[in-house]
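Okay, so here's the structure we're looking at.
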Amino acid sequence: MDTPNLSIMQTINSAYEILEQSIMYHNGNAIGTCAALHSPSLAAENYSDCFVRDFVPSALVFLADGRPEIVSNFLQTVLALRTRKRLAAGHEIQPGVMPASFRVVHDERGEEIVQADFGERAIGRVAPVDSMMWWLILLYIYEKNTGDAALAKRPEFQNTMEQILHLCLRDSFEVSPALLVPDACTMIDRRMGIYGHPIEIQALFYGVLRIIHSLLEVTDERQQSLINAALIREKALLNYVRIYYWLDPERLNEIHRYTTEEFGIDSINILNIYPESIPDWVPEWLPDEGGYLVGNVGAGRMDFRYFALGNFLSIMFGLTSDMQASRIMKLYETRWDDLVGAMPVKVIYPALQGVEWQVITGSDPKNAPWSYHNGGNWPALLWQFVAAAQRAGRGDLAERAFNIAINRLRHNDWPEYYDGRYGRLIGRRANFKQVWSATSLILSHKLLDNPTLLNLLP
Ligand code: GLC
């Protein structure tokens, strides 16, 4: 990047002020960052919690700035919370599952305690699946950055990793290597029709499978067989996603002419996708040179919507081939207004409207068409876009997106999201001083300045 000019540095400094103010302490130790700074505009009470997924860009900034203690404290805090009793009326939450968020409160004796939310208090009672995966990926990044291998070697860390792996790999009703999860269990934590096999979870799962053997020590046969299963699953998942989630004009033509109702092991249209299910917007919108991983795949189902985060993570972790990564970036180049517009980047394209919106979101007014999760633009996704673009050799697109964000975010007081077809409006119910909007910008600035930071990722 060119030499930083004054206004870029002023904006970055303002983002750092938000980060500093967001730090959460427990008994004097920094253990996390809250989701948004307190203000009368806070959309929900739990934005003062530290969310596991929101902390990831904070953590990467802290690590890049040589402040690893807070990351280590965070990893230990989340780990400790895992073992707390979780009451989900009548059943136990699986060991290995990690909370969506936590906060520091005072107990009756006035002592500070950390209280977790596994989904039993969250709006809509949604439990995260991504938390445990982000936790593991962050542990890997922490170790790579600091060289501190002792943390992951602690028995409670080893035990937890084993439980996470066990939970993800255990037998279920599935026939595909993709992981089956409920709606609202990811960054999109409201009903948005992402139940089944959303690409974001498959990408995080793949990230975990790629690194687990470098973190988990094998001391007995059980661990050995877990690691073996992970290696097999890693390959199977890679092939499956690269084939069945991939959509480019050639593949679209195949699907358009698919034979259906094929029985037997030689069938080509194995999921029995009906060509009639291709939405009208797809053939018009998909550029000749472009392509992407679709949002979800299952029996008789292909969710053709474009989900940004799942595609970025797939590029970052090597789940896409090089050709696929460059075609996804080509899609950005050609459909820039739709996918970036006035604020990088749109979370989903296109928005659900009309009856589809009613049926799929349950008529959720917060997820009205082109707002919030339903086609809003999220600055928090900027760093993943930058990382994915750099990985795909498109640093030019990364800079272009960064320049759009830097011109608006501070001026708009760091909104959580933007509304509208092109992201020109500040989100109707968006918080201001949203921490991951600020950290995402700092981190993007760092990545552009020093692309070798990418080497920390799985
Ligand atoms: C919203 C987002 C979620 C985020 C949380 C805190 O619920 O959907 O991804 O973690 O806010 O910022």
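In listed order, ligands and their atoms are each counted from 1. Any value given below was found using the heavy atoms of this structure, including those in side chains, with hydrogens, waters and symmetry copies removed. Just so we're clear, the structure is a prediction, and the values are computed from it rather than from any experiment.
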Ring-face cation of Arg301 near Tyr195 (centre distance under 6.0 Å, axis angle within 45°): yes

task: Inspect the contact between Asp303 and Arg305 and indicate whether a charged nitrogen and a carboxylate oxygen are less than 4.0 angstrom apart.
output: yes

message: Can you tell me which portion of Glu416 lies within the under-4.0 Å heavy-atom range of ligand 1? Options are side chain, backbone, both, or neither.
response: side chain

message: Does the Lys NZ or Arg CZ of Arg400 fall within the cation-pi geometry relative to Trp336 - under 6.0 Å from the ring centre and within 45° of the axis?
response: yes

task: May I ask you to decide whether Arg53 forms a salt bridge with Glu200, counting only side-chain N to carboxylate O separations under 4.0 Å?
output: no

- prompt: For ligand 1, which atoms sit closer than 4.0 Å to a heavy atom of Gln434?
  reply: 12 (O)

- prompt: Mind checking whether His373 has a heavy atom under 4.0 Å from ligand 1?
  reply: yes

query: Is the distance between the ring centroids of Phe51 and Trp436 under 6.0 Å?
result: no

statement: Taking only non-hydrogen atoms of Ala35 and a 4.0 Å limit, the atoms of ligand 1 in range are 6 (C), 12 (O)

- line: Among Asp54, Val52, Asp189, closest by heavy atom to atom 10 (O) of ligand 1 is Asp54

message: If you measure every N or O of Trp378 against every N or O of ligand 1, does any of those distances drop under 3.5 Å?
response: no

Residue, atom name and distance, where the atom is the protein heavy atom closest to atom 9 (O) of ligand 1: Met187 O, 2.6 Å

- prompt: Please state which protein non-hydrogen atom is closest to atom 1 (C) of ligand 1 and give its distance, to 0.1 Å?
  reply: Tyr372 OH, 3.3 Å

statement: Hits for side-chain contact (heavy atoms from CB on, under 4.5 Å) against Ala152, two or more places apart or cross-chain, chain-then-number order -> Leu139, Glu143, Met161, Leu215

